[in-house]
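Reminder, nothing fancy here: chain letters follow the sequence lines and each chain counts from 1.
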Amino acid sequence: MEQIRRTKITDLLKTTETGQIVNVKGWVRTKRGNKQVNFVALNDGTCIHNLQIVVDVPNFDESQLKRITTGAAVSINGEVCASTGSGQAVEVLAKEIEVMGDCDVDKYPLQPKKHSLEFLREIAHLRFRTNTFGAIARVRHAMIFAVHQFFTQKGFLNIHTPIITASDAEGAGEMFKVTTLDLDNLPRTEEGDINFKEDFFGKATNLTVSGQLEGELAALAMGEIYTFGPTFRAENSNTSRHLAEFWMIEPEMAFYDLNDNMDLAEEFLKFLIKYALDNCLDDLKFLSNRLQEEEKGKKAEDKTMELIEKLEFVLSNDFIRLPYTEAIDILKNSKPNKKGKFKYPIDGFGSDLQSEHERYLVEKHFKKPVILTDYPKDIKAFYMKQNEDGKTVRAMDVLFPQIGEIIGGSQREENYDKLYNRMTEMEIPAEEMWWYLDTRRFGSVVHSGFGLGFERLMLFVTGMGNIRDVIPFPRTPKTAEF
RNA sequence: UCCCUAGUAGCUCAGUUGGUUAGAGCGGCGGACUGUUAAUCCGUAGGUCGUAGGUUCAAGUCCUACCUGGGGAGCCA
């Protein structure tokens with residue numbers, strides 16, 4: 001076979017020029033045709049579209065053509081032609097075909113037909129080869145790039161915070177233990193506890209649940225920083241919005257108060273959504289069509305807004321900013337509350353909002369993203385800036401339709417005494433957190449930050465319903481295959 | 001972790017008040033067709049009914065436990 005430099009399908013489909021001889025490599029999606037002519041739909045992962053390969057059957061060996069099955073990897077030299085069919089502008093007329101990797105159709109689980117997302121989740125090693133998961137992988141990459149671009153343009157520094165941490169004080173969730181101790185023969189102290197002094201780090205260590213505390217250390221020297229890394233929660237959460245291993249973006253900014261923080265969060269989310277619309281439109285259109293198909297059977301009232309329309313809607317509307325106490329008033333006077341429709345009725349200040357309440361505010365009352373602020377201090381973390389009323393803290397949660405909380409953040413408590421007292425009240429071991437408290441002893445300053453769950457963003461941008469489908473290899477309770 | 005729900009062919013599902021030999025569509029394979037778009041038409045193979053117990057003359061169907069998936073809740077991002 002003549003050696004020709006490979007052309008990527010995404011580039012080839014953009015050409016209007018015909019007559020040139022090219023090489024394409026990829027995986028066969030479908031083959032159809034008759035004794036005279038075969039049509040092979042070829043995909044190489046570079047875009048959602050397939051390239052149509054036209055095979056004049058008499059020009060090729062029958063046994064070779066038999067090997068061109070769904071899933072097979074092929075390399076093709078051929079001529080770029082204007083297509084006489086209606087589905088595509090250009091196609092490639094095959095001159096030489098090499099089957100690089102055969103694919104036994106009796107054993108290959110992906111068939112040229114629609115598969116359920118649940119089934120594909122069981123074959124996550126192969127689901128990249130489907131249109132849906134190919135599109136998601138490309139959008140995910142674009143979003144990763146956009147995160148770095150946004151912060152770089154704004155002069156933020158990317159900080160790598162540790163994955164292994166000795167602090168378990170933040171209380172963000174149950175942690176995964178990290179150890180090299182022999183689990184069948186654990187060293188004990190005289191009191192009978194496990195002796196972590198003999199462990200690798202000489203103390204008990206865990207996988208991080210947040211890079212925030214270390215991020216604050218950097219922000220209080222570098223000004224504006226962000227982290228973007230893996231985060232681990234050992235909670236036994238079995239929902240479509242939680243993962244045991246997920247990626248989080250945590251900006252932390254010196255000299256920002258809560259309003260600056262909200263401004264940044266809103267600008268950031270809009271930047272990411274616009275980036276997706278500007279750079280991933282083909283993939284988003286595919287995902288949108290997929291959703292429309294799925295919703296065909298649904299009642300009008302259950303149907304959601306079309307994906308691209310929804311993304312543009314978020315771009316063109318200001319987020320509602322609402323203090324917790326006002327949200328409680330709205331909910332208290334709402335129809336579902338008065339009619340007893342809420343499973344958890346609103347009785348007044350102090351209780352945390354349930355999913356049903358957040359959804360009512362976002363999806364029914366305001367019908368746009370909502371930032372709730374100034375929550376009761378008792379339901380929020382120790383490091384949040386205490387308000388003068390003594391009851392609330394300068395927290396903010398950004399709530400999105402369908403997915404709920406996409407961002408959680410706050411202005412941080414910069415006053416040493418207030419922070420130390422709050423830690424004592426909440427029984428957080430201040431002596432282990434000496435390094436964190438030091439920032440409040442030496443040149444402390446107003447600062448703020450937030451955390452964005454990257455997969456939650458992906459849910460919103462792709463319109464997917466289950467978080468396990470927007471990360472390549474999901475980690476959830478009882479599942480760590482692949 | 002709690003509540004609800006499901007597990008039958010490679011995939012998606014049907015299977016009546018428990019009753020003879022478990023069905024369909026898609027996919028596969030074979031054939032037909034000179035340009036198809038998840039092609040179409042004809043034919044064909046393919047099942048230890050999630051696992052383990054139990055009830056019964058008889059269990060895919062009823063009961064119990066467990067496993068796994070899905071939806072919801074809590075925890076949160």
Side-chain angles (χ1 to χ4, degrees), chain A residues 29-41 49-58 66 69-71 81-88 91 93 103-123 130-131 170-174 209-212 230-250 265 293 342-344 352-359 379-381 397-400 403-409 450-460 465-471 476-479 481:
Chain A
R29 288 290 173 81
T30 61
K31 185 176 76 167
R32 55 183 173 269
N34 53 47
K35 271 184 181 158
Q36 278 67 42
V37 61
N38 278 185
F39 301 96
V40 177
H49 304 294
N50 298 328
L51 175 67
Q52 174 153 285
I53 308 293
V54 182
V55 182
D56 275 327
V57 174
K66 279 212 161 193
T69 58
T70 297
C81 303
S83 179
T84 55
S86 59
Q88 56 284 316
E91 59 194 17
L93 180 63
C103 187
D104 184 345
V105 288
D106 287 335
K107 292 178 183 138
Y108 188 55
L110 287 174
Q111 301 160 0
K113 57 168 287 194
K114 190 170 184 169
H115 289 296
S116 68
L117 296 172
E118 291 82 10
F119 173 66
L120 293 172
R121 226 170 272 153
E122 292 171 14
I123 49 165
T130 65
N131 287 330
E170 210 221 329
E174 288 295 310
V209 292
S210 164
Q212 180 200 317
T231 311
F232 308 88
R233 304 272 167 95
E235 302 285 351
N236 192 4
S237 301
N238 293 288
T239 83
S240 54
R241 297 183 307 280
H242 291 86
L243 291 163
E245 176 181 296
F246 63 101
W247 290 71
M248 190 153 64
I249 298 137
E250 295 180 288
E293 285 287 315
F342 283 144
K343 198 174 167 197
Y344 299 90
D352 206 351
L353 298 182
Q354 309 294 318
S355 294
E356 57 179 350
H357 306 135
E358 295 181 351
R359 293 192 68 147
I379 58 172
K380 287 293 180 183
D397 283 1
V398 181
L399 309 178
F400 263 31
I403 52 179
E405 186 180 342
I406 192 168
I407 278 181
F450 62 80
L452 168 71
F454 186 63
E455 284 76 19
R456 297 244 174 116
L457 171 82
M458 283 295 297
L459 282 180
F460 187 73
N466 194 313
I467 202 160
R468 292 165 190 145
D469 295 331
V470 296
I471 186 167
T476 54
K478 303 275 182 287
T479 309
E481 193 67 59

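- When heavy atoms are screened at a 4.0 angstrom cut-off, A/D106 is found touching the sugar-phosphate backbone but no base atom.
- Between the NZ atom of A/K114 and the C1' atom of B/C11 there is a distance of 13 Å, given to the nearest Å.
- Base pairing of B/G25: its partner is B/C11, meeting the Watson-Crick or G-U wobble criterion (both donor-acceptor distances under 3.5 Å).
- Note on A/I407: only backbone sugar-phosphate atoms sit closer than 4.0 angstrom, heavy atoms only; bases stay farther off.
- No contact: A/F232 has no heavy atom under 4.0 Å from any strand.
- In this structure, A/F119 reaches the sugar-phosphate backbone alone: every heavy-atom distance under 4.0 Å involves primed, P, OP1 or OP2 atoms, never a base.
- For the residue pair A/T231/A/E245, the side-chain donor-acceptor check at 3.5 Å is not satisfied.
- In this structure, A/S355 reaches the sugar-phosphate backbone alone: every heavy-atom distance under 4.0 Å involves primed, P, OP1 or OP2 atoms, never a base.
- A/T30 and A/R32 are linked by a side-chain donor-acceptor pair at a separation below 3.5 angstrom, with hydrogens and angles left out of the test.
- Shown here, B/U1 forms a base pair with B/A73; the pair counts as Watson-Crick or G-U wobble because both key distances fall under 3.5 Å.
- With a cut-off of 3.5 Å on both pairing distances, B/G60 has no Watson-Crick or G-U wobble partner at all.
- If you find the closest nucleotide of RNA chain B to A/F39 and to A/Q111, the one lying nearer the 5' end belongs to A/Q111.
- Residue A/G451 is in sugar-phosphate contact alone, with no base atom involved, counting any heavy-atom pair closer than 4.0 Å across all strands shown.
- If you run side-chain contact (heavy atoms from CB on, under 4.5 Å) between A/H242 and each of A/R233, A/R456, A/R468, only A/R456 comes through.
- Side-chain to base pairing of A/E118 with B/G7: no donor and acceptor N or O lie closer than 3.5 Å to each other.
- A donor-acceptor contact under 3.5 angstrom links the side chains of A/R29 and A/N131, judged on distance only.
- B/U68: Watson-Crick or G-U partner is B/A6, with both key distances under 3.5 Å.
- Spacing between atom CG of A/D56 and atom P of B/U36 amounts to 14 Å, rounded to whole angstrom units.
- Note on A/E358: nothing from the nucleic acid sits closer than 4.0 angstrom, heavy atoms only.
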